[in-house]
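Inspection log for the structure reproduced underneath, given as structure tokens.
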Amino acid sequence: MLQVAFIRENKEEVIKRLAKRNLDAQSLIESVVALDEKRRATQVELDNILAESNKLSKDIGVLMKGGEKAKAEILKEKTANFKDQTKELTETLNTVTEELQTELYKIPNLPAEIVPEGKTPDDNLNIFEEGVVPKLHQGALPHWELAKKYDIIDFDLGAKITGAGFPVYKGKGAKLQRALITYFLDKNTDAGYQEFQVPHLVNEASGFGTGQLPDKEGQMYHVGEDNLYLIPTAEVPVTNLFRDVLLNESELPILCTGYTPCFRREAGSYGAHVRGLNRLHQFDKVEIVRIEHPEKSYEALDGMVEHVKDILKELQLPYRVLRLCGGDMGFASALTYDFEVFSTAQDRWLEISSVSNFETFQSNRLKLRFKDKEGKNQLVHTLNGSSLALPRVLAGILENYQTPEGIVIPEVLRKYTGFDIIN
């Protein structure tokens, strides 16, 4: 959430920067500014009445002590009027504050300066590419056919138990999945990230804290009776560990990692591009989250990008890094880099990670601050990234490592799997 003071003082800049998201925010920003003015004016009026009421209360006390009861009764009538005004102004203030908060929740984060112009994924900027695309043997198969051939993932069985988008991993497929999770966590903890095991359900405050609510409410599974949400990413519970926390500057940076299953409704997802592991309603992901000093967050973002690159180098998968354009960025992000692995059997790129800097957008909602050297409270910057999302990484491994003899396991994973081929 943007800070209302920043919007008030930089109205035209905010409108201009949001235009990079292809959003005409003029009326929304005007509404926020008007509500903020009304809120502040109401607060001033309320404060003045409360101050006058307090003064009269003291005067009444003096008069009563001095035996001037008649004069005190006159002042009491005035205080009764003040109580009515106070009640009315308090109700108005609460209503306006709620309306202002609702409007602020509608405003996405401001794109960073280096975010490219654009409306669709076709306008994203390819900034890095590495790895050799393997030449597959004749008769090579897409991963959903390989899964069936080697009996390692059963999509039909998952559909029977739950529905489409909930696969069952079997045998060496399950072991490979577990190997990837452990490998990713080991890479992250070796890089200084502290591992957390967190709940897979969160409350409404947590969803609002990281920006999933109200923006992505339709994509989240909701447990109505308890008003809880299944997490769409570990980013939500991990970042919310620090909600309403005041840190010391010396505690920064804070590096966290965690593995969770993730749940997304993905309504309206159909077609060949969502076959197999390409898009699921439940999938596994290892996440990294950083709480950073504002002056160091973009340096940290670059470090996160290099960290994910290192993992993909060790997996020896062909990949590329995209800087997302304004029209393709997530609601809460100021700058996002997407990683894509090349699926040789599908002849297309598959997104496997997003690494983002949210600046103060999340921390403002979370009330996550640090006390600087001057003793002032400042908002931190929050960052997160997939390190990595498993389904499409697994798809890339199955397709790119397939041979006529079977699917070869990447060398870096063999100590985790205990086998070197699926056949």
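All residue numbers in this chain count up from 1 along the given sequence. All figures in this text were calculated on a predicted structure; none of them were measured in a lab.
The OH atom of Y298 sits 8.0 Å away from the CG atom of L383 when rounded to the nearest 0.5 Å. Residue E251 holds its CD atom at 6.0 Å from CD1 of I254, rounded to the nearest 0.5 Å. Remark: I311 CD1 to H307 NE2 distance equals 4.0 Å, nearest 0.5 Å. Note that CZ of R21 and CG of D328 are 10.5 Å apart. Values are rounded to the nearest 0.5 Å. Atom OH of residue Y193 and atom CD of residue E287 lie 10.5 Å apart, to the nearest 0.5 angstrom. The line from CG of D302 to OG of S297 is 10.0 Å long, rounded to the nearest 0.5 Å.
A donor and an acceptor atom, one from each side chain of D47 and Q43, are located under 3.5 Å apart. When only modelled atom types and interatomic distance are considered, R275 and N278 share no side-chain donor-acceptor pair under 3.5 Å. Between T336 and S333, the side chains place a donor N or O and an acceptor N or O closer than 3.5 Å (distance only, hydrogens not considered). No donor-acceptor contact under 3.5 angstrom links the side chains of E292 and H381, judged on distance only. A donor and an acceptor atom, one from each side chain of N94 and T97, are nowhere located under 3.5 Å apart. No side-chain N or O of Y221 forms a donor-acceptor pair with one of Q282 less than 3.5 Å apart. Looking at Q362 and T382, their side chains do bring a donor and an acceptor atom within 3.5 Å of each other. For the residue pair K285/T260, the side-chain donor-acceptor check at 3.5 Å is not satisfied. Counted by atom type alone, K371 and N248 present zero donor-acceptor pairs between their side chains at under 3.5 Å. Under 3.5 Å, the side chains of Q402 and E145 contain no donor-acceptor pair of N or O atoms.
Checked for salt-bridge contact, R39 and E99 miss the test: no charged N lies under 4.0 Å from a carboxylate O. Comment: K376 does not engage E374 in a salt bridge, judged by the lack of any side-chain N to carboxylate O separation of less than 4.0 angstrom. We find that K309 and E306 are joined by a salt bridge, their nearest charged nitrogen and carboxylate oxygen being less than 4.0 Å apart. Here D310 pairs with K187 in a salt bridge; the nearest charged N to carboxylate O distance falls below 4.0 Å.
I29 and L18 get closest at one heavy-atom pair: CD1-CD1, 4.3 Å. Across every non-hydrogen atom of S356 and L301, the tightest pair is C-CD1, 3.8 Å. Nearest heavy atom pair, residue V380 against residue R369, reads CG1-C, 4.1 Å. Across all non-hydrogen atoms, the minimal contact from R365 to G211 is NH1-CA, 3.4 Å. Scanning both residues, P318 and P134, for their nearest heavy atoms gives CG-CD, 4.4 Å.
Counting heavy-atom neighbours within 6.0 Å of E129 CD, excluding the residue itself, gives a total above 12. Shown here is E249, whose CD atom has more than 12 heavy atoms of other residues, nucleotides or ligands within 6.0 Å. K216 NZ: more than 12 foreign heavy atoms inside a 6.0 Å radius.
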- Message: Please determine whether salt bridge (Lys or Arg N to Asp or Glu O under 4.0 Å) holds for the pair K106 and D215, giving the CA-CA distance in whole Å, both sets of side-chain angles, and the decisive distance to 0.1 Å.
- Response: CA-CA 8 Å; K106 297 176 184 177; D215 178 58; over 6 Å; no

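Between the K20 side chain and the E113 main chain, a donor and an acceptor come within less than 3.5 Å of each other. Looking only at distances, no side-chain donor or acceptor of E314 sits under 3.5 Å from a matching main-chain atom of V412. Of the possible polar contacts, one joining the N109 side chain to the A332 backbone as a donor-acceptor pair under 3.5 Å is found. Checking side-chain atoms of N400 against main-chain N and O of T344 turns up a donor-acceptor pair under 3.5 Å. Looking at D372, its side chain does come within 3.5 Å of a backbone N or O of G375 through a donor-acceptor pair.
Applying the ring pair (Phe, Tyr, Trp, His ring centres under 6.0 Å) test to every pair with at least one member in residues 229-260, sequence neighbours left out, gives these pairs: H222-Y229. Residue pairs meeting the side chain to side chain donor-acceptor pair (under 3.5 Å) criterion with at least one partner in residues 410-423, sequence neighbours excluded, are D186-Y416. Under the side chain to side chain donor-acceptor pair (under 3.5 Å) criterion, the residue pairs touching residues 7-16 are R8-D36, K11-E30, E13-R17, with sequence neighbours excluded.
Side-chain contact between L315 and V341 is absent, with no heavy atoms from C-beta onward closer than 4.5 Å. For the pair V236 and T233, the minimum side-chain heavy-atom distance is below 4.5 Å. Between L146 and I152, every side-chain heavy-atom pair lies at or beyond the 4.5 Å cut-off. Side-chain contact check for Y337 versus L324: every heavy-atom pair is 4.5 Å or farther apart.
The six-membered or imidazole ring of H281 lies away from that of F263, with a centre-to-centre distance of 6.0 Å or more.
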